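What you are looking at is a predicted structure, and each value in this text was computed from that prediction instead of being measured. Residue numbers begin at 1 in each chain, while the letters A, B, ... track the order of the sequences.
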Number of protein chains: 2
Amino acid sequence: MNSIKQFYKQYLQNNKIRYSAQRDKILDVFLNMERHLSIAQIYELVRNKYSHIGYATVYRAMNLICKAGIAEKIDLGDGISRFEHKYGQEHHDHLICVNCGKFIEVIDTQIEELQRQLAKAHKFVLKRHKMQLFGSCCDCVKAAKQSLSVLAKDKQD
Amino acid sequence: MNSIKQFYKQYLQNNKIRYSAQRDKILDVFLNMERHLSIAQIYELVRNKYSHIGYATVYRAMNLICKAGIAEKIDLGDGISRFEHKYGQEHHDHLICVNCGKFIEVIDTQIEELQRQLAKAHKFVLKRHKMQLFGSCCDCVKAAKQSLSVLAKDKQD
DNA sequence: AATGAAACTGATAATCATTTTCACTTATTT
DNA sequence: AAATAAGTGAAAATGATTATCAGTTTCATT
Ligand SMILES: [Mn+2]
Ligand SMILES: [Mn+2]
Ligand SMILES: [Zn+2]
Ligand SMILES: [Zn+2]
């Protein structure tokens, strides 16, 4: 039925790691959650649904889920790790709005190809890369323009 | 004479921030240092040369130097901030060897242009970006091959 | 030169995300 | 069932960074 869960169970079995009730619940929450949530947010969701699960257990479970290749930890440099789905997802990079925190997932095959060429030119064996574009999303730009025009109007009066 | 120091003094003056002996020493160390050093490493260098300067003062001074636009803090996701020269330097991205930690500075104008287009396509007003390519540098690849062949020879014997 | 305000320093404490520890419980193997 | 291994949760530890605060230095004004 749930092929991801099957995959996870297989991974644990292969590595002689037990499949506990806590790990099951945390995986369920992760699989049903919005993208890019932090540990604190995942912990809250787990608590709401099941309670009585420790913070450290959520950390441990999410690290396992990452090791299994089902989640990926992403780091925006703000000191908070976020997690996103990786199983069956193709690689992508992020546009991040510095105002509202919105994530836009992007993949640009030309850039990816140029990255490979760049690494090759420096005799680098490329393992992974991180590309994050920070700026203001269209909604936030619109909102900023709006408030500017309101200010201008106030000045006129 | 030292135009960067002049620039720094001007920045501090403009912002009513004093130019102390500690700030002078820390700036000197930063200006003469290898690229991409951490606070701990800068602190060591400062200590060797002058001693009696507090850790917090180094943090504060480096943050100031960044605000002035002379240094830039870079984050590789390993929890350690590193600093590099920014004054008069053009933007660049990094190839980072996951084995030896070597940095290679790169700039690919095609990628930069594609990034701008990508942002535009999503109606994003781009402020800054981060691109880091992780892998093995040619020296580390060579070393790995070497040790592999040694192992193979051992097996033969 | 004296004075008072403002800025700076350095030691230390606080913060915050994450990891470790450890006594205890649960699952698996013998 | 007993022995062994793994997992859990609470609490402590860690490590980078920032905040606090009493004492010091600098600057401007008298
Ligand atoms: Mn994503
Ligand atoms: Mn650099
Ligand atoms: Zn936004
Ligand atoms: Zn290397």
Quick one: [X] [atom1] to [N] [atom2], roughly how many Å, whole number?
{"X": "B:Lys73", "N": "D:dA16", "atom1": "NZ", "atom2": "P", "answer": "14 Å"}
{"X": "A:Gln41", "N": "C:dA17", "atom1": "CD", "atom2": "P", "answer": "11 Å"}
{"X": "B:His52", "N": "D:dG23", "atom1": "NE2", "atom2": "P", "answer": "20 Å"}
{"X": "A:Lys16", "N": "D:dT4", "atom1": "NZ", "atom2": "C1'", "answer": "15 Å"}
{"X": "B:Arg82", "N": "D:dA16", "atom1": "CZ", "atom2": "C1'", "answer": "12 Å"}
{"X": "B:Ile17", "N": "C:dT9", "atom1": "CD1", "atom2": "P", "answer": "11 Å"}
{"X": "B:Tyr19", "N": "D:dT25", "atom1": "OH", "atom2": "P", "answer": "19 Å"}
{"X": "A:Lys25", "N": "D:dG9", "atom1": "NZ", "atom2": "C1'", "answer": "14 Å"}

Quiz item: Will you find, in the side chains of A:Gln6 and A:Asn2, an N or O donor that is under 3.5 Å from an N or O acceptor?
Solution: no
Quiz prompt | B:Ala56 vs B:Asp78, nearer the 5' end of DNA chain D by closest nucleotide | solution =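 Between the two, 5'-proximity favours B:Asp78.
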Practice problem: Between A:Tyr43 and A:Arg23, name the one whose nearest nucleotide on DNA chain D is closer to the 5' end. | Solution: A:Arg23
Quiz prompt | Non-hydrogen atoms of B:Ile80 and B:Ser38 that approach each other most closely | solution =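 Scanning both residues completely, I find the closest heavy atoms to be CG2-CB, 3.6 Å.
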Below 4.0 Å: OP1/OP2 of [N] and any side-chain N or O of [X]:
{"X": "A:Arg18", "N": "C:dT26", "result": "no"}
{"X": "A:Gln22", "N": "D:dG9", "result": "yes"}
{"X": "A:Ser20", "N": "D:dT8", "result": "yes"}
{"X": "A:Ser81", "N": "C:dT18", "result": "yes"}
{"X": "A:Thr57", "N": "D:dG9", "result": "yes"}

Exercise. Name every residue in residues 58-71 of chain B that has at least one heavy atom under 4.0 Å from any atom of DNA chain D, in order of residue number, or write none if there are no such residues.
Key: B:Tyr59, B:Arg60, B:Asn63
Within a strict 4.5 Å, meaning less than it, do heavy atoms of the [X] and [Y] side chains meet?
{"X": "B:Tyr19", "Y": "B:Lys5", "answer": "yes"}
{"X": "B:Phe30", "Y": "B:Ile65", "answer": "yes"}
{"X": "B:Val106", "Y": "B:Ile104", "answer": "yes"}
{"X": "B:Tyr50", "Y": "B:Ile26", "answer": "no"}

Quiz item: Which nucleotide, D:dG7, D:dA10, D:dG9, lies nearest any side-chain atom of A:Ile53?
Solution: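 Of the candidates, D:dG9 comes closest.
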Quiz item: Hey, which of B:His94, B:Gln41, B:His85, B:Arg82 is the one that makes side-chain hydrogen bond (donor to acceptor under 3.5 Å, both in side chains) with B:His36?
Solution: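 The option that passes is B:His94.
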